[in-house]
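One structure below.
Just so we're on the same page: letters track the sequence lines, and every chain starts at 1. Below, all heavy atoms of this structure are taken into account, side chains as well, without hydrogens, waters or symmetry copies.
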Amino acid sequence: MSGGREDSRRYGALPPQREALEAEAEVLRHWDEYDIFRRSIDERSEENIFVFYEGPPTANGRPGVHHAMSRTIKDLVCRYRTMKGERVVRKAGWDTHGLPVEIEVEKALGLDGKDQIEEYGVGEFNKQCYRSVFKYLDEWHDFTHKLGFWLDLDDPYVTCKNEYIESVWWILKQFWDQDMLYEGHKIIPYCARCGTSLSSHEVSQGYKDVTDPSIFIKLKLTDEDAYFLVWTTTPWTLISNVALAVGPEHDYVRVGHRGETLILAGELLGVLDGEYEVLGKVKGRELVGKTYEPCFPWFKDEEGGFRVISAGFVTLTDGTGIVHIAPAFGEDDYIAGMEQGLPFVQPVDTEGKFTPEVTKWAGRFIKDADPEIIEDLRERGILYHAAKYEHSYPFCWRCDSPLIYYARRSWYIRTTAFKDMLIEANSKVHWYPPEVGENRFARWLEGNVDWALSRERYWGTPLNIWTCDSCEEKYCIGDLTELKSISEQFPEEYDLHKPFIDNLDVGCPECGGKMTRVPEVIDCWFDSGAMPFAQHHYPMENMDIFKQQYPAEFISEGVDQSRGWFYSLLVIGAFLTKQSPYKRCLPHGMILDREGRKMSKSKGNAVFASDVLKSDGADSLRWYLMISGAPYLPKRFDLEAMRDNANKFLGTLRNLYSFFAMYAEIDGFEPTGRVMSDNLIDRWILSRYNSTVHDVTAALDEYEITRAARAIQTFVIDELSNWYLRRCRRRFWKNEMSGDKLAAYETFYTVLEGVTRLAAPFVPFLTEAVWQRLRGEAGKSGSVHLELFPASDRAMIDEELEKNMAGVLKVVTTGRAVRNNAAIKIRTPLARMLVHGKYHDVTEWTKDGELAGLVLDELNVKVIETIDDTGELIRMSVKPEYSVLGKRFGKNMKAAAAVLEGLGVESVVELVEKGQITVEIEGKKESISLEEVKVESETAEGFESESEGDLTVILDTKLTDELRREGSARDLVNRIQNFRKESGFEVSDRIELAWRATDEIRQVFEEYHDHICSETLVEDLHEGEQDWENSTSFELDGFQIDLWVKLA
RNA sequence: GGGCCUAUAGCUCAGUUGGUUAGAGCGCACGCCUGAUAAGCGUGAGGUCGCUAGUUCAACUCUAGCUAGGCCCA
């Protein structure tokens, strides 16, 4: 072991729990010094590869506990596969582009909007973006390191590097060559503040419930003294209104209302205030073609507008059934406008302000103008009714401005063209749990729309399409060689971002004219989705590495990445290789705060991973995240709960080692690896160990991490510590190294060493610290993480024994309850214990002397007896076994139950003795066998009893003087041990003891002389006062006792 | 508004094909143990299994609806 551990002992001490952080630091130093991470990869065969992809985080914010979640899962799986003998390369990655970065830099520089950025200078701005991305990189490195996430941070892929961009370009060109990249106009969610369109997955992050205006306006028909009643929640779009849409099959009515004639859908008359009279009924299609007077003057002369059109999307759930159409500001509107030849007006600029055409509100931000627009409509008598409307509306996920739907020029990937292939590729992916992939993700793919790829921003991979200024031909340039061949004076040093790329002089390969690149950059999700290829600079180099590392066996990120990374990986990978780039995907749930609320920066309830690591260490955090609930469920994070949970397990593991080390050191035990014990409890723990290894392996192979963690925890705490070690302590206390003691050491060592390997992927630090100390010299340059995962040895599993021991444990638990009820402490021996159970499982073990011995010892009773006939001690009754009788009696079950539960004592005895009995149920004679009922036993007389299921334990609680004296002897031993410790003696020190007490106690000392002396390592026992330094006095069973002690 | 998931003890979570004492840990109360000891263990009290209807002899479990939360999509 490296670091500061100076310990000459064979089994060195673990740092105490309160120094767990220092212990983890020591392990980290060891890993560094002996290059363990590198070796864990290099020492594995290239023939046996497990491929893992790291989803690149954006290092422009502090890592939170949710990052610890995915990083723990990733690390756990990778360590596990490594220990299974596989070679797991783990390349780190950083996602560097995108709007979030730009926003942060804008804020830092005090810039507001694109004009100011361009004024500031795009080159310098992008430099600042680059710097900003790596602002938190130190904390990310530190967090990754301290969490124990083994990841190759020295050779990461970085999406803004020239090589990475070049690979992305190559991929884009593949799309281009197959006509999968096109330029179009679409109505897109647009953030006027950021001056950019947002992808659907960006939009989805920003829905909020807001209150918007809800207004009804009256639009006068040109050839009739009547008004269409129209509803909208976006008054500002009314300025761009060019048509009204009705559902052709819907029923509309003319109504007389407040002296006017209004037209609206018959089903929606409820929107009217007060009395109305239905004047006539008409189908929607009969209204088509009617014209009306525009509500605003600026576009009243547009040709082909201001008429009623028919549209399928008109519903009768809201509004009036008459929908206002503004083609530039809604997707349905735009499509309808194209189909029906409506005019297209877009009097809103890219900053979301009205253009000069709208004289009254020119330069005003559209949403801000809403109140004035409403007021204007009111003044002119067009407004029918104005109210508030609460609904869910999208906001920009970064800058929080309301989005508008806006017609923009945009580049798309034609994902709809290969939608079926995406669905097919996804169907072969194993999702954990399956429904996330089969239901949610697959369904979402069904509704696939083309991927809006371009972004009108600065800090991103430039879209590699050039247009010739002369011949107008468009070219997609797929790599640097090609670009260099057609550009003049391509410099040695370059950065492919804007503005460099736009300043190049690029000549048209056709006509030699000057070419200009399209201004856009691309969606950063395309960058991260390209990582299987671009991380290796494929296909310009590393073809062989790519081939070896594609596709991934396993990826894991938060469920919120379904539409993000999981999608972009799939689109790019499947398009290029016709298969999904990942075979297994384990999405994990969001981390909520202790109140169950989402963690967010704005709420201030986010917990930062580094803070938790600093206060509690990695193992605690990792163990808590893995053991508390299935990974895909949302999880509440509570520091207190984490501490309780983790200390329980980690503390027990630590104590198990400390115990072992203490005695193994004294006895100079050195493991031989030969575990040949015929001691029953040794065989039991080895059986349970191998069963646990089997269960954990099965769970991890199915990626059921929580199930695996719980199996380990149950084994370590309940079985190894609370039962095996508890029962075996005395075997280690013996003075000489007997065969049995050696067997205990070998067994305990074997299991403990195995447990460190079993738990190593979960809690890599403590397991490492324990493993190293167990291995001693041999482990000094090694690591538990270089070892193989334990294999379950079937020959060691004894199911019969496990079953019997389960019976023993049940009896012990019940016996303890009896003592508790009777208020007789364990130190007081009891004469006998009677056990009764219907099933053999529960009592079978009593035939085995060794098993019975465990119970005698644990409960401190002299004799154990099974009783078939509870006789006069117990009264019996029966209850039906519903699972059996329910099928037999069906409807008559209730009657049958009543009959059986009402059986008299004699009948029950008859049933138990003969195995069956005839009773009358609903007038029919029925034969009931013992297998069809449950026999219950109650009550004890003069004894104390407790029943647990079909098991009954009875203790004879009568105390004799003899038993009392034995109890006192045990008390004395206990007091003397405490006294030894207070006096500062070592566990193995031999002592002289003197005592002074009454005759009653003298009798105990005489009768149990040998026992007391051997238990407490007394060489000489004296009666009477001494002048030794160490003395104590206390009261026992009402008698005063004085003790003196000194080293022998 | 739609899809998927979740709802069980004060808290965090288990609960196998419907079967009659619904489990664990933490916390709480009481106690035990004390040569793993600034540890350890046990017992107990706590639950109309989110609500409502339905299927069934029997529902925490199946079905439908509702409510609340989460994720995703509009």
Side-chain angles (χ1 to χ4, degrees), chain A residues 16-18 200-201 203-205 207 315 317-318 391-392 394 433 435-436 438-441 443-444 446-447 558-560 562-563 587 589-590 592 594 596-598 624 627-630 632-638 640-645 647-649 651-652 654-663 666 706-707 710 713-714 717-718 721-723 725-726 729-730 732-733 812-813 816-821 823 825-827 879-897 934 936 946-949 973-975 977-978 980-981 985-988 1015-1017:
Chain A
Q17 191 148 13
R18 62 181 180 278
S200 54
H201 29 258
V203 174
S204 66
Q205 294 187 49
Y207 275 88
T315 64
T317 50
D318 285 303
H391 65 150
S392 181
E435 56 267 24
V436 178
E438 285 163 17
N439 300 338
R440 189 192 288 181
F441 197 61
R443 266 168 214 242
W444 186 69
E446 296 280 353
V559 283
D560 54 337
S562 299
R563 273 61 172 194
M590 299 288 96
L592 312 172
R594 55 182 298 171
R597 292 170 311 183
K598 200 175 168 178
Y624 172 66
I627 199 135
S628 59
Y632 61 91
L633 296 174
K635 189 163 298 182
R636 295 183 184 204
F637 186 82
D638 180 2
E640 288 304 314
M642 181 193 82
R643 286 177 186 144
D644 289 341
N645 226 312
N647 289 345
K648 193 94 193 146
F649 174 70
T652 302
R654 176 185 303 277
N655 281 337
L656 284 169
Y657 172 76
S658 299
F659 180 92
F660 172 84
M662 182 171 186
Y663 293 103
I666 291 171
T706 306
R707 188 153 65 89
R710 286 186 171 147
Q713 176 155 288
T714 300
I717 296 180
D718 294 345
S721 177
N722 289 354
W723 191 239
L725 186 58
R726 183 182 166 82
R729 280 149 122 166
R730 303 195 71 86
F732 297 96
W733 294 348
V812 166
T813 305
R816 282 198 277 244
V818 179
R819 270 191 176 270
N820 225 40
N821 294 343
K825 58 187 179 183
I826 299 283
R827 261 179 282 185
K879 273 196 172 177
E881 193 72 70
Y882 282 84
S883 54
V884 183
L885 286 177
K887 287 188 192 106
R888 178 170 161 192
F889 287 112
K891 284 185 182 158
N892 294 330
M893 190 57 225
K894 278 195 174 129
K934 224 179 249 201
E936 298 202 333
E946 187 74 37
S947 292
E948 188 70 32
V973 167
N974 166 239
R975 301 299 176 116
Q977 298 288 27
N978 284 344
R980 280 180 56 115
K981 200 159 34 172
F985 298 148
E986 292 296 321
V987 170
S988 50
E1015 284 292 302
T1016 60
L1017 301 187

What about A:Ser721, does its side chain sit under 3.5 Å from the base of B:A36 through a donor-acceptor pair? yes

Could A:Glu1015 and A:Arg730 be called an ion pair, given the rule that one side-chain N must be under 4.0 Å from one carboxylate O? yes

Sub-4.5 Å side-chain heavy-atom contact between A:Gln713 and A:Asp718: no

Respond yes when some side-chain nitrogen or oxygen of A:Asn978 is under 4.0 Å from OP1 or OP2 of B:G35, and no when none is. yes

Once you apply a heavy-atom cut-off of 4.0 Å, does A:Gln713 come out as touching a base, just sugar-phosphate, or nothing? nothing

Output the single nucleotide from B:C32, B:G35, B:A36 whose closest atom is nearest the side chain of A:Asn655. B:A36

Nearest whole Å is fine: how far is B:C41 C1' from A:Arg729 CZ? 9 Å

For A:Leu725, report the nucleic acid contact type (base, sugar-phosphate, nothing); a contact means any heavy atom under 4.0 Å. base

Within the structure shown, what part of the strands sits under 4.0 Å from A:Ile627 by heavy-atom distance: base, sugar-phosphate, or nothing? nothing

Nearest whole angstrom, please: distance from the C1' of B:G35 to the CZ of A:Arg726. 15 Å

Counting only Watson-Crick or G-U wobble pairs whose two distances fall under 3.5 Å, which nucleotide matches B:A58? none

A:Arg980 (side chain) donor-acceptor with A:Phe985 (main chain) under 3.5 angstrom: no

Is B:G46 syn or anti, taking syn as a glycosidic angle within 90° of 0? syn

Which is true for A:Arg827 with a 4.0 Å heavy-atom rule: it touches a base, it touches only sugar-phosphate, or it touches nothing? sugar-phosphate

Any-strand Watson-Crick or G-U partner of B:C41, both distances under 3.5 Å: B:G31

Pair partner, B:G1 [Watson-Crick or wobble, under 3.5 Å]: B:C73

Ranking A:Tyr882 and A:Lys648 by the position along RNA chain B of their nearest nucleotide, the one closer to 5' is A:Tyr882

Of A:Phe732 and A:Lys887, whose closest RNA chain B nucleotide lies nearer the 5' terminus? A:Lys887

Across every strand shown, the nucleotide meeting Watson-Crick or G-U wobble geometry with B:G47 (both distances under 3.5 Å) is none

Which one is paired to B:A7, where only Watson-Crick or G-U wobble pairs with both distances under 3.5 angstrom count? B:U67

Could you tell me whether A:Thr1016 contacts a base, only the sugar-phosphate backbone, or nothing, with contacts defined as non-hydrogen atoms closer than 4.0 Å? base

